[in-house]
Structures are given as C-alpha cells and as structure tokens.
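For ligands, and for the atoms within them, numbers begin at 1 and follow the listed sequence. Just the heavy atoms: all of them, side chains too, but no hydrogens, waters or symmetry mates, feed the values below. This structure is a prediction, so every number in the text was calculated from the model and none was measured.
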Amino acid sequence: MCGIIGYVGSRRSQDVLFAGLRRLEYRGYDSAGVAWREDGRTECVRAVGNLDSLDSALAAHAQGGGVATATAVASPSIGIGHTRWATHGSVTERNAHPHADASGHFRIVLNGIIENYRSLRERLAADLIECSSDTDAEVVAQLIALNYDGDLADAVRRSLGELTGHYAIVAMCDEEPDTLVGVRHECPLVVGIGAGEHFIASSISAFIAHTREVAVLDDDEIVVLRANELTVSDAGGLPHRPASTEVDWDDERCEKDGFETFMLKEIHEQAGAVADTLSHWRASRVVGANGGLSDELLRAVNRIVVVGCGTSYHAGLAGRLAIERWARIPVDVEVASEFRYRDPIIGPGTLVLAITQSGETADTLAAMRLARARGATVMALTNAVGSQATRDCDGVLFTRAGIEMGVAATKTFVAQVVLLYALALRLAGLTEALPEAKLAELQSELELLPERINDVVSSVDEPAQELGERLAWSPFFLYVGRLSGLPVAMEGALKLKEISYVPTDAYAAGEMKHGPIAMLGPDTPVVCVATEDSVLPKLLSNLSEARARGARVLAVASAGCEEIGDYADHVFYLPRTDPLLQVVLGIVPLQLFAYHLARARALNVDQPRNLAKTVTVE
Ligand code: AGP
C-alpha cells in the first residue's frame with residue numbers, strides 16, 4: 001500500500017524521514033528511498049528490500065562523498081521519503097521512489113496508482129521525454145516538470161487534471177528549495193503542524209513523535225508547506241484555512257491509525273483494498289495480460305480447480321459461482337489439505353487457482369506443487385509479493401489489500417473475491433457466455449463496490465455492535481445461506497469462532513432440516529444470508545422452521561427485500577447489486593458482528609488464541 005512522508009523544518013530531514021518510514025513499515029513495502037536537500041543540492045538514495053537496506057545504502061552514500069553525515073543542518077532542511085510496494089515495474093532500485101524528472105530538478109513520492117500512466121508516457125515520448133523507470137510515479141514527476149512555470153503548486157494542480165486513478169503525491173523542486181507540495185485523491189495524506197516545521201505523510205503515525213497537531217486534507221486539495229507556512233487551496237486554486245485538530249493517540253494506537261484494533265482498521269480499509277485490487281488488475285491486464293494469463297491460454301482451459309484454506313477457501317467458493325454462472329466453465333473448489341492427498345485427476349487443460357493471502361500456507365503450496373507436477377497450469381492468487389507461492393506457479397494474480405495484521409482475514413477476503421470476479425468476467429468475455437450488455441453492467445457494478453462497501457461499513461457498524469453486545473453470551477450460532485449467500489455464511493461463522501471462541505456452524509440452508517435444526521432453541525441465534533432472490537422463498541421457509549424452535553434470527557438481505565422483515569428479528573440491509581457481488585458487501589455486517597461480540601467478551605481479536613497469521617506447517 002506504500003507509505004509516503006515529507007518534512008520541512010529545522011531538524012535534519014533525513015533523520016525525520018527515515019524514522020517516519022519506520023513507522024509506515026506496517027503498510028507493507030518492497031523497496032524504499034529518500035530524497036533531501038543539503039548543501040544546495042538534492043541527494044537521493046534508494047534501496048531494494050527493507051529499511052535496513054536503505055540504512056546501509058545511506059551509510060554507503062555518505063562514505064562515497066555524499067552529505068549523509070553532514071552535521072550542519074541546512075535551513076530549512078527539506079525532503080521526501082517512500083516505502084514502495086511495487087505496482088508498475090519490478091522491485092528494483094531503478095523503480096524505487098523518490099522519482100525525478102529528466103532534469104533531476106523535480107522529485108516526487110507517490111502512493112496509489114495512476115491508471116492512465118501509459119497514455120501519459122506516450123504523451124511524454126511525443127515531447128521527446130523518455131522515462132528511466134517503469135513506474136507511474138516517474139511519469140507524474142515528468143508531467144509536473146513539464147507543467148512548471150515558476151510555481152510548483154500550480155504545476156501540480158495543472159498535472160492533476162491529466163491524472164486518472166487514486167493517489168497521494170508529495171513533490172519538491174530545486175527551484176523552490178524551501179517548499180513541499182502535496183495532494184491526495186482517494187488515498188490518505190495528512191499534515192503534521194509543528195513549531196517552525198511541517199510534516200506530511202500517509203499516516204499520522206509517521207510524525208506523531210514530533211507533533212500531535214494534524215490537518216486532514218480533502219480530495220484534490222493542494223497543500224503548500226514551508227517551515228513557517230501552511231496553505232491549502234481547492235482544485236480551482238481558491239485558498240482556505242485548513243482545520244486542524246489535536247490527536248490524543250499513543251504510539252500503539254497510531255500504528256492503527258486511530259482504530260482500537262488492527263482488525264477494525266482493516267475492516268474499514270476494505271473499500272481501498274477492493275479499489276486497489278481492481279486498479280492493479282486493470283493495469284496488469286495491459287502490461288502482462290494478468291500475470292501471464294493470455295487469451296490463448298484461457299481459451300484452452302476446460303476446467304478450473306480452486307484450492308485454498310480457511311478464508312481463502314471461502315473466497316474460492318464465491319469465485320466458483322461467478323465463473324460457472326458468468327463464464328460457464330466448470331469449477332471445483334477444494335481445501336488444499338484434502339486436495340494434496342486425494343490423488344486428484346488433473347492435467348493439461350486444467351487451470352488451478354491457488355488462493356493464499358500470505359503465499360506461504362504449507363498445504364496450499366503442496367497442492368500447487370502437485371498440480372504442476374501433473375501438468376496443470378497453476379496460478380497463485382496472493383497478497384504477498386515475493387512469497388513462496390509466487391515462485392511455485394506459472395503466473396501470479398495479486399490482490400492489493402496491503403498488509404493485514406489481524407490474524408482474522410477481512411480485507412484480504414474481499415480483495416480475493418473481487419479478483420476472482422474480475423477473472424470470471426474476463427473468462428465470460430472469452431466464452432461469450434454472457435450477453436455483452438450484461439457483461440458491461442457487471443463490470444460497472446464491480447467498479448461501484450468500493451463505494452458501496454464504505455456505505456455498508458458506516459451503516460451497519462452501530463447495529464452490529466448493539467447486537468454483538470446483546471448476544472455475546474449465546475452458546476452457539478448457526479449460519480445459513482444459499483448459493484452466493486453460503487460462502488458468506490461460512491466466512492461469517494469462521495470469523496465468529498476464530499475471534500470469540502463461540503461455537504458456530506455454517507450450512508446450506510436447505511440442509512438445516514437434515515440435522516442442525518436439532519441444535520436450535522431460544523438461546524441459539526440463526527444468522528441467515530438472504531441475498532439471492534431466486535431462492536428467497538425457500539430461505540424464508542427455513543427461517544420459519546428456525547423461529548418455530550424459538551431461535552432468534554439475524555438476516556443479511558438486499559435493500560427492498562421487505563418480506564424478510566417478517567421472518568427476522570434484525571435485518572442488515574445492503575445496497576442492491578448483482579447477487580454474486582453481494583458477497584463482498586454481505587460479509588461486512590458479519591465481520592463487524594463477530595468483531596463487536598468478541599470485544600464484548602473482552603477478547604484479543606487481533607491475536608486470537610491458538611491461531612497464526614501464516615500457517616507454514618501442515
Ligand atoms: C482466516 O481468518 C484465517 N486466519 C485462516 O483461515 C486463513 O484464511 C488460512 O490459514 C489461509 O491462509 P492463507 O490465505 O494465507 O493461505
């Protein structure tokens with residue numbers, strides 16, 4: 001997810017930047033760099049790997065005649081820094097940030113993705129401006145230089161009009177050596193206000209050690225920072241007084257961006273995880289046909305097998321419905337630990353999709369190796385750049401959820417599901433199984449998911465808390481769903497048992513009468529995911545049966561589904577969209593319900609007992 005920081009003031013900027021990058025490490029990165037001005041020139045040091053590598057590179061730079069060890073601090077001392085998580089181009093020093101324009105006078109750090117960077121690159125090439133890296137960030141640096149006419153803020157503003165995507169940028173230039181300019185568009189960027197100094201970063205945690213006074217920027221506002229000056233103007237250039245607040249956070253809370261736990265923070269980051277994953281999918285579609293999945297290869301696929309464990313397995317179940325319903329290609333989904341010992345029938349023509357957020361799950365890796373040995377094409381779907389899964393496969397599809405600290409998967413799940421949906425729609429385009437108009441409608445509904453996730457998070461958090469607290473001591477929960485509601489029910493039940501230790505079970509609702517109904521009574525709530533209209537009457541009958549046993553019913557349903565209100569004690573309503581896409585929205589109330597219930601039981605939701613984030617043993 002990258003982290004960016006900028007500083008202007010009287011401290012030694014290199015030190016401030018480096019310490020700030022340390023505080024941004026939790027966001028995940030694979031290279032890092034800093035640029036700063038000292039002794040009248042701009043120095044830039046970048047390194048592949050972690051911040052220790054950057055530290056060594058800075059030391060080497062100083063020994064090689066750089067000014068890294070200078071004791072006299074330039075006034076003001078100014079610089080920018082970045083932890084990069086590769087999106088455009090491989091993980092190399094050349095692609096690491098900060099990036100400069102061709103003259104080397106303009107430097108920027110960028111978090112996010114510039115979706116139209118290819119056409120911008122072509123436009124620059126037409127002006128005989130060649131880029132020296134593969135990144136979208138360098139294109140922005142070149143663009144700002146091209147638009148510069150004596151005022152950096154104006155150059156940034158003019159450049160914004162040409163950018164499509166979501167991003168936060170901090171820029172500096174030799175012509176205005178005391179000035180930083182920042183802007184955000186759907187990516188975080190906050191300003192820290194100190195005495196005779198200013199900070200700007202992706203997260204308050206980067207500068208909380210120096211100041212607690214913070215100004216939050218709105219989308220497309222341009223901020224100009226000098227040691228003793230802070231100016232904010234809107235996209236049209238109209239200046240206004242920025243509101244600032246004093247935050248009262250400790251260090252730990254800071255890493256959580258103000259949330260009480262990582263899990264809650266990550267639930268709130270789901271819209272971003274989905275937006276980034278879709279952006280990356282689109283970008284990689286152009287560059288490398290989505291991890292090497294050429295049309296030719298996909299056309300040769302006659303069967304797909306999905307393997308994964310836990311939450312990743314549930315994402316696979318949702319993906320199966322989409323691929324089968326939209327592309328009409330048969331899909332099997334199996335837990336990796338069973339698949340590897342089952343002597344599965346696979347070979348050329350089978351596409352194996354191995355889903356693993358960590359990329360290190362032993363059972364999933366073993367399943368991948370087995371599938372490759374039998375001649376299947378194996379694609380890894382992972383969130384972890386450089387993980388083992390990315391090496392044991394024929395191609396990689398990346399989710400872009402950012403690092404997930406909570407042991408219970410949340411944002412990685414929704415990112416996995418949307419990535420499978422994007423793949424399903426691509427397959428549907430190739431098989432021509434869907435009318436073009438339907439395909440286009442689903443594509444645009446997919447793009448609307450981030451906005452809708454945010455709507456659901458804000459509308460269901462309070463009722464989920466109220467219900468979680470009320471039902472915190474129930475001895476057992478039965479989760480039911482049908483069709484695409486089933487993986488949501490299964491994932492919701494897993495979340496609750498993982499973090500609250502309350503026994504749960506999840507069933508296809510039609511199976512309820514074949515056994516689990518025996519468990520039901522007044523103390524055993526039923527959680528029903530009723531987002532598929534085609535089976536709604538059947539689900540309502542199941543709920544009648546549950547209520548006849550005295551069970552309290554919580555339902556998740558689409559807006560406008562009035563009848564469910566007669567069968568449930570509480571309904572979480574979701575914005576209406578395609579029933580398959582509802583998986584990504586429907587899981588949100590169940591995550592929040594599990595979260596608040598576990599908190600009501602005073603449990604450590606980030607590190608539940610007996611569980612590890614990465615399961616590298618069988
Ligand atoms: C999810 O909340 C769990 N922590 C667990 O089920 C997890 O999904 C499973 O261990 C698979 O992990 P992976 O995605 O890293 O392979």
Side-chain angles (χ1 to χ4, degrees), residues 28 261-267 269-270 273 277 306-319 333-340 352-369 371 378-393 396-420 479 487-502 504 506 583 587-588 590-595 597-598 603-618:
T261 62
F262 280 114
M263 183 175 172
L264 190 59
K265 170 172 169 274
E266 286 155 7
I267 290 172
E269 285 173 347
Q270 293 189 110
T277 299
V306 182
V307 291
C309 304
T311 292
S312 296
Y313 167 71
H314 296 154
L317 293 175
V333 188
E334 197 157 352
V335 285
S337 52
E338 284 296 298
F339 177 85
R340 61 185 290 194
V352 172
L353 299 174
I355 308 179
T356 166
Q357 66 80 22
S358 64
E360 304 288 352
T361 300
D363 285 315
T364 309
L365 293 175
M368 292 169 73
R369 284 193 282 268
V378 176
M379 295 295 295
L381 257 91
T382 186
N383 198 47
V385 176
S387 59
Q388 190 59 40
T390 64
R391 295 193 281 270
D392 289 350
C393 62
V396 191
L397 301 177
F398 281 110
T399 52
R400 290 289 177 176
I403 192 163
E404 191 173 66
M405 304 286 278
V407 166
T410 51
K411 59 178 179 170
T412 53
F413 171 72
V414 292
Q416 288 167 344
V417 174
V418 296
L419 187 54
L420 288 164
Y479 283 68
V488 181
M490 293 170 78
E491 176 59 10
L494 178 67
K495 285 291 87 78
L496 187 58
K497 70 171 69 127
E498 274 185 307
I499 60 172
S500 73
Y501 321 138
V502 177
T504 66
V583 169
I587 193 56
V588 175
L590 302 191
Q591 292 166 339
L592 285 166
F593 174 66
Y595 175 81
L597 191 148
L603 294 169
N604 179 348
V605 296
D606 283 338
Q607 283 155 334
R609 71 183 184 204
N610 305 340
L611 293 175
K613 186 71 190 160
T614 305
V615 185
T616 53
V617 291
E618 210 186 313

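Between Tyr595 and Thr410, the side chains place no donor N or O within less than 3.5 Å of an acceptor N or O (distance only, hydrogens not considered). Between the side chains of Thr311 and Glu491, at least one donor N or O sits under 3.5 Å from an acceptor N or O.
Close approach to Ala409 involves these atoms of ligand 1, each under 4.0 Å from a residue heavy atom: 1 (C), 2 (O). Within ligand 1, the atoms closer than 4.0 Å to a non-hydrogen atom of Ser312 are 8 (O), 13 (P), 14 (O), numbered from 1 in the order shown. Each of the atoms 2 (O) of ligand 1 lies under 4.0 Å from some heavy atom of Ala408. When each atom of ligand 1 is checked for a heavy atom of Thr361 under 4.0 Å away, the hits are 12 (O), 13 (P), 15 (O), 16 (O).
Considering backbone and side-chain atoms alike, Lys495 places an N or O below 3.5 Å from some N or O of ligand 1. Between Ile355 and ligand 1, not a single N/O pair is under 3.5 Å apart. Checked by distance only, ligand 1 and Val407 come closer than 3.5 Å through their nitrogen or oxygen atoms. At a 3.5 angstrom cut-off on N or O pairs, Thr311 counts as close to ligand 1.
In this structure, the side chain of Asp606 engages the main chain of Phe262 through a donor-acceptor pair within 3.5 Å. At distances below 3.5 Å, not a single donor-acceptor pair connects side-chain atoms of Thr399 with backbone N or O atoms of Ala401.
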Given side-chain contact (heavy atoms from CB on, under 4.5 Å), test Leu592 with Leu264 step by step and report yes or no.
CA-CA 8 Å; Leu592 285 166; Leu264 190 59; 3.9 Å; yes
Check the pair Ile355 / Leu420 against side-chain contact (heavy atoms from CB on, under 4.5 Å), numbers first and verdict last.
CA-CA 10 Å; Ile355 308 179; Leu420 288 164; 3.7 Å; yes
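If you check which protein heavy atom lies closest to atom 10 (O) of ligand 1, you get Val615 CG2, 3.9 Å. Of the protein's heavy atoms, Glu498 OE2, 4.0 Å lies nearest to atom 5 (C) of ligand 1. Atom 9 (C) of ligand 1 has Cys309 O, 3.6 Å as its closest protein atom, hydrogens excluded (heavy atom only). Of all protein heavy atoms, the one lying nearest to atom 15 (O) of ligand 1 is Ser358 OG, 2.6 Å. Scanning the protein heavy atoms around atom 6 (O) of ligand 1, the nearest turns out to be Gly310 CA, 3.2 Å.
Taking OG1 from Thr361 and OH from Tyr313, the interatomic distance works out to 15.5 Å, rounded to the nearest 0.5 Å.
No side-chain heavy atom of Asn383 sits under 4.5 Å from any side-chain heavy atom of Phe398.
Applying side chain to side chain donor-acceptor pair (under 3.5 Å) to Lys411 and the options Glu269, Glu266, Gln270 leaves one that passes, Glu269.
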